[in-house]
Amino acid sequence: LAFLFGFAAFLGMFVSAIALSYPGVVLAKVFFMTVAMFGALSLFGYSTGRNLSTFVKYAIAAFMGYVAISVLGAFFPALRPTGTLDIIINVVALAAIAMITAWETQMLKRVYYSMAGNAQMLGKMSAYGAASLLLAFVNMFQILLSLFGRD
């Protein structure tokens, strides 16, 4: 639980530093878009009968590509994608994090039901699940902010 709160505090400081460069109206709009999208994807992941594990490996690969492009663009500005390519990369990353979010919710549901009798393990797994879903939410917020927070 301490890890979860420390992780949440770190992400909060990280996101607040990014948020300083955007107007409040844009932040509110993107935040509510993220809440709606995250909620719908979690509901889908919880309620679908289809196993999303077959698709998530491609989503993880696409998201890792997005992270690599972002890191390279941060250190080498000449490699930072701009214009239409930047929009395409962000849309692909958004689709990837959407699939990952639905899969994480589905996975947490399976883990919860498989460990129903072990209260200690359920506590650990719920903290892990909350941290992973928080990270997915922050990634989704950041991608939506890059798409819809432009001038």
Side-chain angles (χ1 to χ4, degrees), residues 1 3-75 79-115 122 124-151:
L1 210 54
F3 165 75
L4 175 63
F5 289 128
F7 185 64
F10 170 75
L11 285 178
M13 289 187 309
F14 176 73
V15 170
S16 64
I18 292 172
L20 290 174
S21 61
Y22 292 92
V25 173
V26 170
L27 288 173
K29 177 179 77 169
V30 170
F31 177 76
F32 288 117
M33 287 170 58
T34 307
V35 168
M37 186 174 176
F38 184 84
L41 289 164
S42 287
L43 182 63
F44 171 74
Y46 186 83
S47 62
T48 188
R50 185 166 190 164
N51 186 359
L52 300 175
S53 297
T54 55
F55 305 109
V56 80
K57 58 186 167 187
Y58 301 110
I60 290 173
F63 190 73
M64 287 298 133
Y66 168 76
V67 169
I69 290 169
S70 297
V71 169
L72 282 173
F75 288 110
L79 297 177
R80 185 177 303 142
T82 57
T84 306
L85 181 60
D86 186 39
I87 293 171
I88 291 169
I89 289 171
N90 279 309
V91 167
V92 168
L94 186 61
I97 199 68
M99 177 56 71
I100 292 167
T101 300
W103 171 77
E104 282 180 342
T105 303
Q106 188 178 61
M107 183 194 66
L108 287 171
K109 176 184 168 186
R110 284 191 192 131
V111 167
Y112 178 79
Y113 286 120
S114 69
M115 295 183 182
L122 274 176
K124 289 179 183 178
M125 290 308 294
S126 63
Y128 163 76
S132 74
L133 287 174
L134 174 63
L135 184 60
F137 183 88
V138 168
N139 284 323
M140 196 178 296
F141 178 76
Q142 184 267 327
I143 294 168
L144 285 170
L145 196 58
S146 354
L147 281 171
F148 297 105
R150 300 174 191 268
D151 292 334

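- Paired with Met140 under the rule side-chain contact (heavy atoms from CB on, under 4.5 Å), one option of Val138, Leu144, Ile143 passes, and it is Leu144.
- A search for side-chain contact (heavy atoms from CB on, under 4.5 Å) contacts involving Asn139 returns Phe63, Ile97, Leu135, not counting sequence neighbours.
- Atom OG in Ser132 sits 14.0 Å away from atom CZ in Phe137 (nearest 0.5 Å).
- Partners of Gln142 according to the side chain to side chain donor-acceptor pair (under 3.5 Å) rule, which considers only residues two or more places apart in sequence or in another chain, are Tyr66.
- Not counting sequence neighbours, the partners of Tyr46 by the side chain to side chain donor-acceptor pair (under 3.5 Å) test are Tyr113.
- In this structure, Ala59 and Ala96 approach most closely via the heavy-atom pair O-CB, 3.3 Å.
- In terms of heavy-atom proximity, Gly45 sits nearest to Thr105 at C-CG2, 4.3 Å.
- For Phe44, there are no ring pair (Phe, Tyr, Trp, His ring centres under 6.0 Å) partners two or more places apart in sequence or in a different chain.
- When all heavy atoms are compared, the tightest approach of Val30 to Leu145 is CG1-N, 3.6 Å.
- Listed by chain and number, the residues in a side-chain contact (heavy atoms from CB on, under 4.5 Å) with Leu43 amount to none (sequence neighbours excluded).
- Taking the side-chain contact (heavy atoms from CB on, under 4.5 Å) definition, one finds that Val56 meets it with Ile60, Ile100, Trp103, sequence neighbours left out.
- The backbone N or O of Arg50 sits less than 3.5 Å from a side-chain atom of Gln106, completing a donor-acceptor pair.
- The OG1 atom of Thr54 sits 7.0 Å away from the CG atom of Leu52 when rounded to the nearest 0.5 Å.
- At least one side-chain heavy atom of Phe148 sits less than 4.5 Å from a side-chain heavy atom of Met33.
- Contact annotation: the side chain of Phe141 never approaches that of Ile18 to less than 4.5 Å [non-hydrogen atoms, C-beta and beyond].
- For the residue pair Pro81 and Asp86, the shortest heavy atom distance occurs at O-CB, 3.6 Å.
- At distances below 3.5 Å, at least one donor-acceptor pair connects side-chain atoms of Ser16 with backbone N or O atoms of Met13.
- Of the inter-residue distances, the one linking Met107 atom CE with Arg110 atom CZ reads 9.5 Å to the nearest 0.5 angstrom.
- Atoms CZ and CG, from Arg80 and Leu85 in turn, are 13.0 Å apart once rounded to the nearest 0.5 Å.
- How far CG of Leu79 is from CD1 of Ile69: 10.0 Å, rounded to the nearest 0.5 Å.
- The structure places CG of Leu41 at 6.0 Å from OG1 of Thr101, a figure rounded to the nearest 0.5 Å.
- What you find for Tyr22 and Val26 is that their closest heavy atoms are CD2-CG1, 4.4 Å.
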